[in-house]
Amino acid sequence: MVCGGFACSKNCLCALNLLYTLVSLLLIGIAAWGIGFGLISSLRVVGVVIAVGIFLFLIALVGLIGAVKHHQVLLFFYMIILLLVFIVQFSVSCACLALNQGQQGQLLEVGWNNTASARNDIQRNLNCCGFRTFNPNETCLASCFKSSRSCVPCAPIIGEYAGEVLRFVGGIGLFFSFTELILRESYATGKQMLMNRKVNGKIRSMSE
């Protein structure tokens, strides 16, 4: 059967939602792992990651139930939510890929100044102090500050990671965005074919 039929689109929908379920559980697990090993102390960051994971898990659950049970109401709301997720995901992915180094630095500096707990985690894990300059009069949790009170600033180190992470997130986001769009079109086509088949069956039964 070609992948425009309802059965094929149903299988693709189940596969995508299983993937979403794994991603959501991975997000929740990473947040719990970061808290458990003391890598992340910011409850705001952990809360956002867990909330995204739970939201993604609920969406995947609705999609799985709707696809397996062929529940039209659930699938209708699922497709609406999937469209909204596609718009947000596509916009964020394009923004991640379009940011240059100067814009990345400005965003990182804003985040650095507004999150004290995340700033402490970064300084401790990356062994650096300060954002663009090192000030020995400020407190720092890095091991270099405790041993020699001479550390490198964090901006160059974060910049290297930030560029790679943004490109990775942007590419993955675009991949899932177009997958969702293709899936929506495939499901709509399969549903229309199924409805046409039912109508033709009724016409044949009436003519006989």
- Establish whether V92 and F86 are linked, either directly or via other cluster members, by ILVMFWY side-chain heavy-atom contacts under 4.5 Å. no
- Query: Do the non-hydrogen side-chain atoms of I65 and Y78 ever get within less than 4.5 Å of each other?
  - Reply: no
- Message: Are V23 and L82 connected into the same hydrophobic cluster when the rule is that any two of I, L, V, M, F, W, Y join if their side-chain heavy atoms are below 4.5 Å apart?
- Response: yes
- Please assess V62 against F77 for the test side-chain contact (heavy atoms from CB on, under 4.5 Å), listing each intermediate value before the final yes or no. CA-CA 9 Å; V62 170; F77 285 107; 5.8 Å; no
- Message: Among residues at least two apart in sequence or on other chains, which ones pass side-chain contact (heavy atoms from CB on, under 4.5 Å) with L22?
- Response: none
- SG of C154 to SG of C128, below 2.5 Å? yes
- Task: In sequence, state the C-alpha distance, the side-chain angles, and the governing distance for F134 and V152, and then conclude on side-chain contact (heavy atoms from CB on, under 4.5 Å).
- Result: CA-CA 7 Å; F134 168 65; V152 296; over 6 Å; no
- Query: To the nearest 0.5 Å, how far apart are CG in L84 and CE in M79?
  - Reply: 13.0 Å
- Task: Starting at CD1 of I81, measure out to CG of L58 and round the result to the nearest 0.5 Å.
- Result: 9.0 Å
- Message: I want to check something: taking the side chain as every heavy atom from C-beta on, are N17 and L61 in contact at a cut-off of under 4.5 Å?
- Response: no
- Separation of L25 CG from L56 CG (nearest 0.5 Å): 9.5 Å
- Item | Minimum heavy-atom distance between Q106 and R132, given as atom pair plus value | N-NH2, 4.5 Å
- Task: Treat each ILVMFWY residue as a node, draw an edge where side-chain heavy atoms are under 4.5 Å apart, and state whether V88 and L83 are in one component.
- Result: no
- Under the 3.5 angstrom rule, does the side chain of N120 hit a backbone N or O of C140 as a donor-acceptor pair? no
- Query: Is there a side-chain contact between C14 and V68, using heavy atoms and a 4.5 Å cut-off?
  - Reply: yes
- Message: With a 4.5 Å cut-off on side-chain heavy atoms, are L64 and L18 touching?
- Response: yes
- Closest approach of Y20 to A60 (non-hydrogen atoms, all atoms of both residues): CB-CB, 3.7 Å
- Query: Taking a hydrophobic cluster as the set of Ile, Leu, Val, Met, Phe, Trp and Tyr residues connected by side-chain heavy atoms closer than 4.5 Å, whether directly or through intermediates, do F55 and L19 fall within one such cluster?
  - Reply: yes
- Message: Would you compute the distance between atom SG of C129 and atom CZ of R119 and round it to the nearest 0.5 angstrom?
- Response: 11.5 Å
- Here the pair of heavy atoms bringing L174 nearest to C94 is CD2-SG, 4.4 Å
- Looking only at heavy atoms, what is the nearest atom pair of S24 and G53, with distance? CB-O, 3.0 Å
- Closest non-hydrogen atom pair between I157 and L126, with its separation: CG2-CD1, 3.9 Å
